[in-house]
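Sharing a structure, written as structure tokens. Questions coming.
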Amino acid sequence: MADRPLDLVLLGPVGAGKGTQARRIAARYGVPHVASGDLLRSHRAHGTPLGSEAARYMDRGALVPDDLVISMIVDRMREPDAHHGILLDGFPRTVAQAKALDKELQEENRVLKLALYLQVPYEELVERAAGRWTCRVDGTTYNYRVNPPRKPGVCDVDGGELYQREDDRPDVVSERIKVYLRDTVPVLDYYRDRGILRQVDGTRDIDGVAADIEEQLEAAV
Ligand code: AMP
């Protein structure tokens with residue numbers, strides 16, 4: 001493991017497989033996997049003020065306002081387990097969020113190592129999201145075509161119940177893809193200009209994608 005903090009972001013549209021790959025990278029490199037969507041869903045489940053505010057945006061596939069998401073992530077980055085690195089999944093989704101992340105890392109004398117971009121053709125994304133089932137307990141995702149659970153409806157990891165997210169409905173997914181193209185594609189350019197964007201072909205099978213990511217990471221750390 002690197003002696004300097006290993007700070008990474010995983011970028012890609014809904015349904016590209018970010019969560020699945022992020023869990024593997026986090027386990028391999030010993031950094032916490034922090035998914036902004038999971039944090040927001042947890043706020044909703046606990047009925048916090050942030051959760052109820054976020055719900056208004058999430059249910060229609062819109063982005064939760066930058067100031068709310070940024071302070072949530074900054075708080076999470078200041079927890080002790082994130083002092084030696086963090087793997088962010090689903091954040092940043094706007095250039096303003098990317099700049100806020102840089103600022104927070106800079107204050108701690110840290111710098112983003114890589115931005116990994118999981119690329120999948122847009123035509124495939126609606127289909128992928130529509131077939132996605134998520135564990136209520138730990139957020140692990142399954143797809144009945146690509147990576148089904150061992151037992152239908154049950155998470156392999158913790159036995160939690162699998163459910164279909166409201167915002168994985170085809171109409172909401174189309175909206176999320178539109179938002180991605182408008183707000184998040186500029187984030188790819190932001191990191192490309194800095195020379196830290198690494199593109200990975202997200203259409204390969206899960207092990208193939210993981211091997212590609214590992215190759216990119218090994219070359220960088
Ligand atoms: P995800 O689980 O990453 O697909 O996120 C689910 C929903 O949470 C998104 O459609 C947004 O409404 C909201 N969300 C998650 N991360 C962010 C973020 N970085 N900025 C704004 N909204 C977010």
Side-chain angles (χ1 to χ4, degrees), residues 1-2 6-38 85-93 98 112-135 138-152 154-157 162 164-165 167-168 170 172-174 176-181 184-192 194-221:
M1 215 205 314
L6 181 61
D7 296 303
L8 304 166
V9 299
L10 196 53
L11 304 164
V14 44
K18 294 191 297 295
T20 303
Q21 296 298 334
R23 269 179 266 278
R24 289 193 177 205
I25 302 167
R28 165 96 171 78
Y29 291 92
V31 290
H33 164 213
V34 173
S36 47
D38 287 351
I86 194 165
L87 169 61
L88 290 166
D89 159 11
F91 181 96
R93 261 177 160 94
L112 196 63
K113 190 66 144 182
L114 280 190
L116 289 162
Y117 167 37
L118 225 50
Q119 198 191 26
V120 172
Y122 297 116
E123 309 81 64
E124 230 190 279
L125 299 172
V126 175
E127 197 194 331
R128 281 187 175 211
R132 178 158 80 170
W133 289 74
T134 304
C135 173
D138 71 351
T140 301
T141 52
Y142 299 87
N143 183 294
Y144 275 83
R145 195 168 47 91
V146 190
N147 65 326
R150 281 196 292 272
K151 192 169 159 205
V154 180
C155 177
D156 293 350
V157 182
L162 303 183
Q164 281 198 293
R165 278 169 47 178
D167 62 348
D168 279 343
V172 186
V173 170
S174 304
R176 291 164 72 197
I177 293 171
K178 237 193 280 171
V179 167
Y180 174 82
L181 293 173
T184 308
V185 166
V187 177
L188 302 177
D189 296 332
Y190 179 80
Y191 290 132
R192 194 177 283 120
R194 287 247 302 270
I196 58 168
L197 189 80
R198 297 289 180 278
Q199 199 159 309
V200 174
D201 176 4
T203 60
R204 301 182 57 190
D205 63 24
I206 291 174
D207 289 336
V209 175
D212 276 359
I213 289 178
E214 190 163 336
E215 206 173 297
Q216 301 273 10
L217 283 174
E218 289 302 317
V221 298

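The structure displayed is predicted, hence computed values, not measured ones.
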Practice prompt. Kindly indicate, with the supporting measurements, whether the criterion side chain to side chain contact (heavy atoms under 4.5 Å, CB included) is fulfilled by Phe91 and Val34.
Written response: CA-CA 9 Å; Phe91 181 96; Val34 173; over 6 Å; no
Practice prompt. Kindly say whether Pro13 contributes a backbone atom to a donor-acceptor pair with the side chain of Tyr122 at under 3.5 angstrom?
Written response: no
Worksheet item: Run the side chain to side chain contact (heavy atoms under 4.5 Å, CB included) check on Val185 and Tyr180 step by step: do they pass?
Response: CA-CA 6 Å; Val185 166; Tyr180 174 82; 3.8 Å; yes
Worksheet item: Arg128: what forms a side chain to side chain donor-acceptor pair (under 3.5 Å) with it, not counting sequence neighbours?
Response: Glu124
Worksheet entry | Non-hydrogen atoms of Ala210 and Arg24 that approach each other most closely | CB-NH1, 3.5 Å
Worksheet item: Side chain of Thr184, backbone of Arg93: donor and acceptor closer than 3.5 Å?
Response: yes
Discussion item. Does this structure show an ion pair linking Arg198 with Glu215, if we count only N-O contacts that are shorter than 4.0 Å?
Written reply: no
Fill in: Partners passing side chain to side chain contact (heavy atoms under 4.5 Å, CB included) against Asp138 (at least two apart in sequence or in another chain)
Cys135, Thr140, Cys155, Val157, Asp158
Worksheet entry | Non-hydrogen side-chain atoms of Leu8 and Leu217 separated by less than 4.5 Å | yes
Worksheet item: What are the two closest non-hydrogen atoms of Asp156 and Arg150, and how far apart are they?
Response: OD1-N, 2.8 Å
Worksheet item: Which atom pair, heavy atoms only, marks the closest approach of Val14 to Ala129?
Response: CG2-CB, 4.2 Å
Practice prompt. Look only at the side chain of Lys18 and the backbone of Gly12, and say whether a donor-acceptor pair between them is shorter than 3.5 Å.
Written response: yes
Worksheet item: Do Leu116 and Ile25 have side chains that get closer than 4.5 Å, going by heavy atoms?
Response: yes
Worksheet, complete the sentence: For Leu188 and Leu197, the nearest pair of non-hydrogen atoms, with its separation, is O-CD2, 3.9 Å
Worksheet item: Would you say Tyr191 and Pro92 make side-chain contact, with heavy atoms under 4.5 Å?
Response: yes
Worksheet item: Do you know which two heavy atoms are closest between Val31 and Leu6, and how far apart they sit?
Response: CG1-O, 3.8 Å
Response to the item:
Residues passing the salt bridge (charged side-chain N to carboxylate O under 4.0 Å, His left out) test with Asp212, sequence neighbours excluded, are Arg204
Discussion item. Can a donor-acceptor pair be found, under 3.5 Å and without considering hydrogens, that links the side chain of Arg176 to the backbone of Asp167?
Written reply: yes
Worksheet item: Is any side-chain heavy atom of Asp89 less than 4.5 Å from a side-chain heavy atom of Asp38?
Response: no
Practice prompt. Kindly give the heavy-atom pair with the smallest separation between Thr141 and Arg23, and that separation in Å.
Written response: N-NH2, 3.8 Å
Worksheet item: Within a strict 4.5 Å, meaning less than it, do heavy atoms of the Lys178 and Leu181 side chains meet?
Response: no
Worksheet item: Can you check whether Lys113's main-chain N or O pairs, donor with acceptor, with Asp7's side chain at less than 3.5 Å?
Response: no
Worksheet item: Would you call Val126 and Pro170 a side-chain contact if the rule is heavy atoms closer than 4.5 Å?
Response: yes
Worksheet entry | Under 3.5 Å: donor-acceptor pair, side chain of Gln21, backbone of Ile206 | yes
